[in-house]
Undergrad: 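Dropping the structure in here first, questions after.
By convention in this document, chain letters (A, B, ...) are assigned in the order of the sequence lines, proteins followed by strands, and residues within each chain are numbered from 1.
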2 protein chains.
Amino acid sequence: MDRIGDKWSMLVLLSLKGGPMRFTQLRSRIGGVTPKVLTQTLRAMEQDGLLTREVFAEVPPRVEYTLTGLGRSLHGPLSVVATWAEQNVAEILRCREKFS
Amino acid sequence: MDRIGDKWSMLVLLSLKGGPMRFTQLRSRIGGVTPKVLTQTLRAMEQDGLLTREVFAEVPPRVEYTLTGLGRSLHGPLSVVATWAEQNVAEILRCREKFS
DNA sequence: CTGTATCCCGTCTGATACTG
DNA sequence: CAGTATCAGACGGGATACAG
């Protein structure tokens, strides 16, 4: 939770589920994230072994981000939580209205 | 994740699994949390419908916190994530060492 | 006992501009 | 294209003291 509970890590994880992606591709897929923050997020996830960063020495430069086995293995557990959230978000919102 | 990904919510959830608890009881069980922050945490969880706060008009005052059905229903999904974390924490730590 | 009131600091996140 | 540099705001969390 400490590692993927931030604002963007989970969206990166979901975006990369379909296969490797490049920096800009990832950025537009997610939407609303600045390059600085996306870089921070990706580097942290790389350090945790959730994804790999591969640089191709080309012109123009190309960098691909790919989920590791560890990263892919997170999808199962997270989807369990996601399912719970989807099933209960309505009740939670209803509950919060009472306090407004 | 937005709601229970903070520093203390999950510990509250786990602590209350065994049944209702009072403020101070909860505080010493968790350990290291100041009254202000614990109050913030509990109020947020109450608003989300994860627990109820019941005040008893006694001397000395008594307040009990109890998990709702919604709160209890979170244990399953979270334990799935917890299991994943326990099984993979070693590999994650090993990975982080490479970058140090 | 169960909190509230203040003050404070570090971190997260973002806007904007710039670079190899 | 894929970032880095810089500045700044908002927020979570903590220390301490006080109150009903």
Undergrad: Whole Å only: how far is the CG atom of Asp2(B) from the P atom of dT13(C)?
TA: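 Rounded to whole Å, this separation is 10 Å.
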Undergrad: Check whether any side-chain N or O of Thr39(B) sits under 4.0 Å from OP1 or OP2 of dG3(C), and answer yes or no.
TA: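 Thr39(B) to dG3(C) OP1/OP2: no side-chain N or O under 4.0 Å.
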Undergrad: Which nucleotide in the list dG20(C), dG13(D), dT16(D) gets nearest to the side chain of Pro61(A)?
TA: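 Nucleotide nearest to Pro61(A)'s side chain: dG20(C).
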Undergrad: Val33(A) and side-chain contact (heavy atoms from CB on, under 4.5 Å): which single residue from Thr41(A), Leu26(A), Leu38(A) fits?
TA: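 Only match with Val33(A) under side-chain contact (heavy atoms from CB on, under 4.5 Å): Leu38(A).
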Undergrad: For the residue pair Cys95(A) and Glu46(B), what are the closest heavy atoms and their distance?
TA: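 Closest heavy-atom pair between Cys95(A) and Glu46(B): SG-O, 4.3 Å.
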Undergrad: Of the non-hydrogen atoms in Ile4(B) and Met1(A), which two are nearest, and what is the gap between them?
TA: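 Closest pair (atom of Ile4(B), atom of Met1(A), distance): O-CE, 3.7 Å.
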Undergrad: What is the distance, to the nearest angstrom, from the CZ atom on Arg62(A) to the P atom on dG3(D)?
TA: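 It is 13 Å, rounded to the nearest whole Å.
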Undergrad: Find the distance Leu38(B):CG to dG3(C):P and express it as a whole number of Å.
TA: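 About 9 Å, once rounded to whole Å.
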Undergrad: Roughly how many Å is it from CG in Leu26(A) to P in dC1(D), rounded to a whole number?
TA: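 Taking atom P of dC1(D) as the reference, CG of Leu26(A) is at 14 Å.
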Undergrad: Would you say Arg43(A) places a side-chain N or O within less than 4.0 Å of OP1 or OP2 belonging to dA2(D)?
TA: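 It does not, given that no N or O in the side chain of Arg43(A) lies less than 4.0 Å from OP1 or OP2 of dA2(D).
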Undergrad: Name the nucleic acid region contacted by Gln40(A), choosing base, sugar-phosphate or nothing; use a 4.0 angstrom heavy-atom cut-off, strictly under.
TA: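 The answer is base, as Gln40(A) lies within the cut-off (heavy atoms under 4.0 Å) of a base atom.
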Undergrad: Looking at Thr24(A), does any N or O in its side chain come under 4.0 Å of the phosphate oxygens OP1/OP2 on dA2(D)?
TA: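 So the side chain of Thr24(A) is within the cut-off, an N or O lying under 4.0 Å from OP1 or OP2 of dA2(D).
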Undergrad: Taking only the side-chain heavy atoms of Val63(B) (C-beta and beyond), determine which of dT2(C), dT13(C), dG13(D) contains the nearest atom.
TA: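 The answer is dT2(C).
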Undergrad: Please report, rounded to the nearest Å, how far the P atom of dG20(C) is from the CZ atom of Phe23(A).
TA: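 So the CZ-P distance, Phe23(A) to dG20(C), works out to 18 Å.
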Undergrad: Quick one: Trp8(B) CH2 to dG13(D) P, roughly how many Å, whole number?
TA: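 Going from Trp8(B) (CH2) to dG13(D) (P), I get 9 Å.
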Undergrad: Show your working on side chain to side chain contact (heavy atoms under 4.5 Å, CB included) between Val80(A) and Trp84(B) and close with a plain yes or no.
TA: CA-CA 12 Å; Val80(A) 173; Trp84(B) 182 93; over 6 Å; no
Undergrad: Which whole-number value in Å describes the distance from Arg3(A) CZ to dC12(C) P?
TA: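 Computing the Arg3(A):CZ to dC12(C):P distance gives 11 Å.
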Undergrad: So, OP1 or OP2 of dG3(D): does either fall under 4.0 Å of a side-chain N or O from Arg22(A)?
TA: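 The answer is no; no side-chain N or O of Arg22(A) sits under 4.0 Å from OP1 or OP2.
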Undergrad: Taking the side chain as C-beta and beyond, is there a heavy-atom pair between Leu51(B) and Thr66(B) under 4.5 Å?
TA: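 With C-beta onward as the side chain, the pair stays apart.
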Undergrad: On DNA chain C, check which nucleotide each of Lys36(B) and Arg27(B) is closest to and give me the residue with the more 5' one.
TA: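 Closer to the 5' end of DNA chain C: Arg27(B).
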Undergrad: Among the candidates dG13(D), dA17(D), dG14(C), find the nucleotide nearest to the side-chain atoms of Val37(A).
TA: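 Minimum distance to the Val37(A) side chain belongs to dG14(C).
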Undergrad: When the nearest nucleotide of DNA chain D is assigned to Tyr65(A) and to Gly32(B) on a heavy-atom basis, which residue is associated with the more 5' position?
TA: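 Upstream on the strand: Tyr65(A).
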Undergrad: Between Arg53(A) and dG3(D), does any side-chain N or O lie under 4.0 Å from OP1 or OP2?
TA: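 Yes, because at least one side-chain N or O of Arg53(A) sits under 4.0 Å from OP1 or OP2 of dG3(D).
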Undergrad: Can you figure out which of dT4(C), dG14(D), dT13(C) approaches the side chain of Lys7(A) most closely?
TA: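 Between dT4(C), dG14(D), dT13(C), the one nearest the side chain of Lys7(A) would be dT13(C).
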Undergrad: Roughly, in whole Å, what's the span from CG in Asp6(A) to C1' in dG12(D)?
TA: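 Atom CG in Asp6(A) sits about 14 Å away from atom C1' in dG12(D).
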